[in-house]
Amino acid sequence: MRNIQSIFLLAISFFLAFELISFCGKDDIILDVNEIGHNYFDERNMENVYFIGDSYASTNYAKEGFPMLFSQYFAKRKWNFFDLSKAGTELSDHKILLDSVSESNPKLIIYYYNISDIVSIQGGQLKDAANHSKKNKSQQKWTSQILDWFNNKSATVIFIKKAAHHISLLLTDKFLPGTPASEFPRKTEKYKKELEKIFQDIKCQNLIILVNTPYSAGDRPKKWKHYKVFQEIAKNNAFTLIQGIDLIPDSKYAISWQNGHPNQEGIYIIKDTLTKIFDTIQ
């Protein structure tokens, strides 16, 4: 009995200590929501550019993130640049923005799509993410809300999940089987037509879509089902679609093995590729 109590107390002590260390050790690598954005506007400019996406676009953790670098570039070209990227957003949120800015047929839309955003499509229909989340939260019992906190906020649980994914990647080249992350490539294949239509409905003079996959996975995503799906979409449409994995096939360009966002060097690599495409737009 004493052994069980000792193990339990040791586990509780480890959990509390890890949570405290994680809380005290937070730094600028923790993603932050960019409320202000990096915009450039001059009423004399005739062309408008819109940048839309989630944390892979906003990159507020970096000293020189995409919004800052793009705003500097378009300021030199004398094109207005509007940063509408925001961490924590998903396809349902982006669709609202894309439909809105499409009404003015802007010169360019840069859209960063994350393969995890496929969860926004259910049964072939794009769900209302905001209302869905609020409804679920209001119907949850307090016990479920506590479990949700442990699953999504606890530093210990998050570390264990990421470690399990990392080990699975090393052993199987895929994220841990049975988890949502392991299902994203398959769901992308399942909802290819719906996703392609969303892309096709974006109206602008020039459209560039960057498909983001966690860069901590290295070159493994090239073997996943979603990779071929996006290759086919890129061939069959007028817009430019680039897969980030083709630009950064090495996990050393991720922030860490736990964080799949591109580090500063990775951001520069992607930025350099995209600005070369921008240069060709007249």
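Just so it is clear, the structure is predicted and the values come from calculations on it, not from any experiment. Reckoned from all heavy atoms, side chains included, excluding hydrogens, waters and symmetry mates.
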**Report entry** Joint cluster assignment, Ile52 & Tyr73, ILVMFWY side-chain distance < 4.5 Å
**Finding:** no
Requested in this report: Please check if Tyr61 and Ile270 belong to a single hydrophobic cluster, counting links between Ile, Leu, Val, Met, Phe, Trp and Tyr side chain heavy atoms closer than 4.5 Å.
Outcome: yes
Query - Check: Tyr111 ring centroid to His94 ring centroid under 6.0 Å - result: yes
Query raised in the report: Considering the options Tyr50, Phe70, Phe74, which one meets the ring pair (Phe, Tyr, Trp, His ring centres under 6.0 Å) requirement together with Phe82?
Result: Tyr50
Query - Nearest atoms (heavy-atom pairs only) where Ala62 meets Ile267 - result: CB-CD1, 3.6 Å
Report task. Could you tell me whether Lys107 atom NZ has more than 12 heavy atoms of other residues or ligands within 6.0 Å of it? Result -> yes
Report summary line: Nearest heavy-atom contact between Glu64 and Gln264 is O-NE2, 2.8 Å
Report task. Report the C-alpha separation of Gln200 and Asn237 in whole Å, then their side-chain angles, then the decisive distance to 0.1 Å, and conclude whether the side chain to side chain donor-acceptor pair (under 3.5 Å) test is met. Result -> CA-CA 8 Å; Gln200 290 171 339; Asn237 289 281; 2.7 Å; yes
Requested in this report: Taking all non-hydrogen atoms of both residues into account, name the closest pair between Ser216 and Ala254 and its distance.
Outcome: N-CB, 3.5 Å
Query raised in the report: So, Phe81 versus Phe41, ring centres under 6.0 angstrom or not?
Result: no
Query raised in the report: Going through the checks in order, is the side chain to side chain donor-acceptor pair (under 3.5 Å) test met by Asp54 and Asn114?
Result: CA-CA 8 Å; Asp54 62 2; Asn114 192 325; 3.1 Å; yes
Requested in this report: Indicate, with yes or no, if Tyr40 and Leu84 share a hydrophobic cluster defined by side-chain heavy-atom contacts under 4.5 Å among Ile, Leu, Val, Met, Phe, Trp and Tyr.
Outcome: no
Query raised in the report: If you group Ile, Leu, Val, Met, Phe, Trp and Tyr by side-chain heavy-atom gaps below 4.5 Å, do Trp224 and Tyr113 land in one group?
Result: no
Query raised in the report: Any idea which heavy atoms bring Ile248 and Gly266 closest together, and the distance?
Result: CD1-O, 3.5 Å
Query - Heavy-atom side-chain contact between Arg77 and Asn45 under 4.5 Å - result: no
Query - Heavy-atom closest pair, residues Gly218 and Ile245 - result: O-CD1, 2.7 Å
Requested in this report: Drop me the distance from His261's NE2 to Ser58's OG, to the nearest 0.5 angstrom.
Outcome: 7.0 Å
Query raised in the report: Got a sec: does the NZ of Lys222 have more than 12 other heavy atoms crowding it under 6.0 Å?
Result: yes
Report task. With rounding to the nearest 0.5 Å, note down the distance linking CD1 in Ile118 to CD in Glu183. Result -> 12.0 Å
Query raised in the report: What are the two closest non-hydrogen atoms of Ile115 and His226, and how far apart are they?
Result: CG2-CD2, 3.6 Å
Query raised in the report: In terms of heavy-atom contacts, does NZ of Lys192 have more than 12 from other residues, nucleotides or ligands at under 6.0 Å?
Result: yes
Requested in this report: Could you tell me how the ring of Tyr56 sits relative to the ring of Tyr215: parallel (under 30°), tilted (30 to 60°) or perpendicular (over 60°)?
Outcome: tilted
Query - Single-linkage hydrophobic cluster Ile96~Ile109, side-chain heavy atoms < 4.5 angstrom - result: no
Query raised in the report: Is any side-chain heavy atom of Ile208 less than 4.5 Å from a side-chain heavy atom of Leu108?
Result: yes
